[in-house]
Amino acid sequence: MIANLGYFSLVLTFGVALYAAGAAAYGARRSAPIWVESARRAMLLTFPLLTLSCAAIIYLLVTGAYQIEYVASVTSEAMPTYLKVTALWGGQAGSLVFWSWLMAAFTSAVGLRRWDRDRDLLPWVVVASMITLAFFLSLVIFFENPFTRLWQTADGRQLTAMFQPAGTLPLVPVDGQGLNPLLRHIGMVIHPPLLYLGFVSFVIPYAFALAALVSGRSDDRWIRITRRWSLVAWLFLSLGLILGGRWAYDVLGWGGYWGWDPVEIAAFMPWLTGTAFLHSVMIQEKRGIMKHWNMLLIILTYDLVIFGTFLTRSGVLSSVHAFAQSAIGPMFFIFIGITFLTSLALLIYRWGELRRENQLDSLLSREALFLLNNLLFIGILVVCFWGVIFPLISELFTGQKVTVGPEFYERATGPLWAGLLVLMGVAPLSAYGRSSWQTLGRLLWRPAAASLLVPLGLLLQGVRQPAAVLGYWLAALVGLVTLYEFWRAAVARRRRHSENLPVALWRLIGRNRRRYGGYVIHLGIVLMALGILGIELFQAQTQGTLARGEQLTLGPYTMVYESLTQFDTPDDRNVARAVVSIYRGGTYLGDLYPRRDFYYLSQQPMTIPGVRSSLEDDFYVLLVGWEPIAQAGATFRVYHNPLVNFVWLGGLIFIFGTGVAAWPETEPAAARRAVRTQRAAAAQA
Amino acid sequence: MAGAAQARITLLGLVLLLVLAAPAAPAWAQEGGEGPSDDEVNAIAEGLYCPVCENIPLDVCGTQACIQWRDTIREKLAAGWTEEEIKNYFVEQYGDRVLATPPARGLNLLVYILPPVAILVGAFVLLRAFRSWRSAAPITPEASPTLDDDQDPYVARLEEELRRRT
């Protein structure tokens with residue numbers, strides 16, 4: 001009953017979304033506002049309808065309705081309730097419904113905004129977002145229905161169908177298969193929704209961009225309306241990526257957090273174009289140039305979002321992340337092709353109308369440097385896209401699959417990342433419009449000179465790796481330039497307004513949140529760079545088989561194997577848990593408990609590391625093997641990860657900075673009043 | 001005929017012997033402590049991928065198949081094979097996909113050529129765009145500013161921004 005209700009609600013939403021798109025287009029062509037209004041209301045209706053569907057799935061998951069195929073495949077009796085609820089996005093069918101639900105929530109929020117000034121954009125925003133929603137719902141309804149039931153024929157065959165086929169009886173398994181054990185981690189519970197939130201909110205700026213193209217508006221109104229949407233999308237995408245990395249570090253058991261896996265890259269690609277977009281829209285707002293480019297970037301971002309969902313969900317490129325596999329690949333492929341070509345055709349159609357309002361005056365101006373930044377981000381995107389797609393191309397043309405591993409990405413993107421650091425160090429000091437070597441040099445020389453202390457110090461300490469010396473020097477340059485920017489502006493403000501320094505700094509940030517939030521993000525990136533360089537260049541590892549009481553030394557740490565216990569848990573796991581004690585310079589630091597969980601139901605092992613963390617480094621111990629009978633010897637894989645915690649610390653600052661930049665401005669009303677008063681005063685004078 | 005059959009049986013016997021002996025080999029290697037170390041095995045396994053566990057390097061993969069691959073590496077190392085020879089052995093058996101990066105030949109060259117070419121083309125297009133925009137810009141004689149500290153354009157810009165907002 002509940003399943004039927006949920007399914008009916010899905011089908012109804014699909015119809016409503018199609019109606020909304022049709023009515024909006026019709027209303028716009030015929031200049032009939034009543035149709036557009038009807039479309040807007042239809043769009044608002046999708047949210048409660050999909051809420052109903054999601055609630056139905058959650059109800060079925062929690063009550064253990066195992067006749068539903070999806071419920072049987074992602075939950076089991078032994079799972080705690082919160083995992084049963086979050087199993088909504090634990091498998092393909094459910095996560096597509098969840099994606100659609102988020103999409104409906106965001107489009108509804110857009111539908112509720114005040115449209116007085118932008119009536120001409122509204123119908124096409126509805127069309128773009130509702131077609132996207134209808135596409136995802138069509139996948140759910142026709143290919144990946146989460147409400148499909150299990151049936152059994154008289155001769156014992158098992159069938160899946162939404163409604164009872166003739167001559168069958170309901171098949172109700174006693175228990176489900178349970179969620180993939182790798183996903184039973186708090187990081188994996190939160191990571192997909194964050195990523196999806198990021199994906200979905202990038203649809204909104206795309207919808208507005210498309211609306212601007214169709215309606216022929218060549219100003220930057222679409223950018224101004226969607227500025228916060230883009231930032232929020234970027235915030236969630238960044239959070240999703242960082243949390244995903246943390247999950248990999250804690251759960252996957254290979255000593256790292258980023259393996260250049262196709263699915264990681266799938267989420268990373270829209271982030272790259274999104275980052276380029278966030279920078280280049282500033283040029284359009286300030287200077288009225290790069291209009292075509294921004295359109296192209298948001299179109300690319302949108303299709304990379306769809307591509308990202310496709311990579312995670314289709315199983316065409318199987319990888320550790322591709323838990324769900326199905327035959328919806330071609331549908332995604334066709335949809336991406338159609339939306340990309342249509343958007344591109346529209347852009348070409350409006351090409352002449354998107355004229356630039358300004359010239360590019362100097363190669364050292366802020367806008368020129370932003371363009372270089374865009375080139376580098378797109379370069380990284382090309383590397384990523386090509387690396388992900390090439391194994392398929394190779395298979396297609398030569399019949400032989402190849403592996404494109406981390407080494408390729410690291411080598412190819414390394415110089416581009418270094419280039420981005422250089423730009424992060426220089427661009428904040430360059431001015432919009434005109435900028436010369438002279439003015440730039442006058443500002444840059446002080447932080448640049450100070451930053452040279454870092455590579456000098458490293459060389460004196462005996463560090464000889466060029467990548468390390470260069471990398472840390474650039475990180476220091478960016479850090480110092482960014483801090484110098486805060487200081488310079490705060491001092492200027494203090495002089496002018498006779499405020500004390502902290503007040504000046506606070507007001508400065510409050511008055512231009514986007515810029516200073518952006519600088520905080522840059523500082524976060526500097527910290528992350530410290531950590532990434534640390535683990536990339538100085539990670540050490542070893543493996544050894546120890547008898548009880550024997551020890552193993554790596555870096556400054558020594559570990560002693562104390563004991564191992566093996567036991568079954570009530571949730572159908574067999575756990576082998578070792579106790580190792582950690583020493584540094586002879587001082588006992590504590591015990592670690594690396595363990596191996598074996599999930600009976602899914603026949604899947606999971607290696608959970610024992611980690612001793614400090615700001616300086618991580619000592620990361622994995623239990624690789626052990627003697628089952630004697631329990632005397634056990635094999636450990638041990639990693640020493642210097643500075644790795646700066647990645648997470650930098651990540652926090654990064655997210656904080658994004659929050660600062662995206663925080664709603666409360667000042668416009670006050671600012672308008674101030675301007676009015678000033679004008680009145682000027683008129684009187 | 002009879003000789004051929006006998007040879008086949010001998011071969012079968014040899015294969016059987018090898019299969020039976022195979023599991024014993026790593027045990028010997030570990031217990032003896034004189035065989036190749038885990039680190040030496042992992043150093044080679046790091047750059048290999050088994051065809052089943054896609055995108056998981058062999059040195060960290062926990063599946064039974066990968067454990068056997070690592071044992072094979074250990075045996076080959078014990079037999080005095082070099083890293084190159086061991087990798088080639090796996091490539092011959094399972095194809096290029098076992099390598100962490102595609103070998104630079106044939107179609108695979110595209111992997112390495114396309115990204116730098118694309119970036120260079122991008123840079124070229126950008127440079128052309130810069131040039132055309134600049135030449136389109138009106139020539140202004142005051143292009144090189146000579147400002148003293150009091151007229152710092154930065155302070156002026158900052159103030160201008162704050163004025164607009166307050």
Side-chain angles (χ1 to χ4, degrees), chain A residues 253-255 259 261-262 289 318-320 356 359-361 363 368 371-372 375 378-379 382-383 386-387 390-391 393-394 397-398 400-408 412 416 431 434 436 438-439 443 488-489 492-493 496 511-512 541-545 605 607 624 635 637 667 670-671 674-675, chain B residues 30 37-39 41-42 47 49 51 53-57 59-63 67 95-103 106-108 110-112 114-116 118-119 122-123 125-126 129-130 133-134 136-138 140 143-147 152-155 157-159 161-166:
Chain A
W254 43 268
D261 181 274
I289 54 176
S318 49
S319 73
V320 277
R356 58 176 184 267
Q359 308 297 337
L360 193 79
D361 296 324
L363 286 177
L371 281 178
L372 269 179
L375 174 70
I378 297 303
V382 169
V383 172
W386 189 232
F390 187 77
I393 292 177
S394 171
F397 287 101
T398 66
Q400 201 173 46
K401 242 188 141 176
V402 291
T403 306
V404 180
E407 204 188 314
F408 166 78
L416 301 174
R434 293 207 175 78
S436 69
Q438 215 180 345
T439 46
L443 292 169
R488 200 160 67 101
R493 209 185 138 81
R496 190 63 65 112
R511 295 280 151 74
N512 198 344
Q541 50 172 299
T542 187
Q543 181 173 317
T545 304
T607 316
V624 178
T635 307
R637 182 101 193 249
E667 277 160 331
V675 169
Chain B
Q30 276 174 348
S37 72
D38 288 349
D39 287 346
V41 172
N42 283 336
Y49 288 76
C53 324
E54 273 180 85
N55 302 307
I56 308 176
D59 65 326
V60 289
C61 191
T63 60
I67 293 170
D96 285 343
R97 64 184 306 179
V98 300
L99 296 174
T101 47
L107 184 75
N108 290 344
L110 273 181
V111 179
Y112 303 100
L114 189 122
I119 292 162
V125 169
L126 199 61
F130 275 153
W133 292 351
R134 278 205 341 146
T140 38
S144 60
T146 46
L147 293 155
D152 187 342
Y154 174 73
V155 175
R157 196 178 77 221
L158 209 66
E159 285 308 315
E161 267 163 22
L162 294 181
R163 252 200 306 282
R164 265 190 274 134
R165 282 164 176 275
T166 40

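Computed from a predicted structure; not experimentally measured. The sequence lines fix the lettering, A, B, ..., with proteins before strands; numbering per chain opens at 1. FYI, side chains are in, hydrogens and waters are out, and symmetry mates aren't considered; it's all heavy atoms of this structure.
- Remark: A:K401 does not engage B:D96 in a salt bridge, criterion side-chain N to carboxylate O under 4.0 Å.
- For A:F397, the part lying under 4.5 angstrom from a heavy atom of chain B is the side chain only.
- Counting heavy-atom pairs closer than 4.5 Å to chain B, the top residue among A:V404, A:T607, A:T542 is A:T542.
- A:R637 contributes no side-chain N or O that, together with a main-chain N or O of A:Q541, makes up a donor-acceptor pair within less than 3.5 Å.
- Using a 4.5 Å cut-off between heavy atoms, A:L375 touches chain B through its side chain atoms alone.
- The ring-ring contact (aromatic ring centres under 6.0 Å, His included) test applied to A:F390 returns A:W386, not counting sequence neighbours.
- At a 4.5 Å heavy-atom cutoff, the contact between A:L372 and chain B is made by backbone and side-chain atoms alike.
- B:I119 touches chain A through backbone and side chain together, each having a heavy atom under 4.5 Å away.
- With respect to chain B, the highest number of heavy-atom pairs below 4.5 Å among A:G253, A:A368, A:A412 belongs to A:A368.
- Of the residues considered (B:V111, B:L99, B:V125), B:V111 shows the highest number of contacts with chain A, using heavy-atom pairs under 4.5 Å.
- Across A:P391 and A:V402, no two heavy atoms sit closer than the pair CB-O, 3.5 Å.
- Taking A:T403 as the reference, nothing meets the side chain to side chain donor-acceptor pair (under 3.5 Å) condition, with sequence neighbours excluded.
- Separation of atoms CD (A:Q543) and CG (B:N42) is listed at 4.5 Å; rounding is to 0.5 Å.
- Neither the backbone nor the side chain of B:I67 has a heavy atom closer than 4.5 Å to any heavy atom of chain A.
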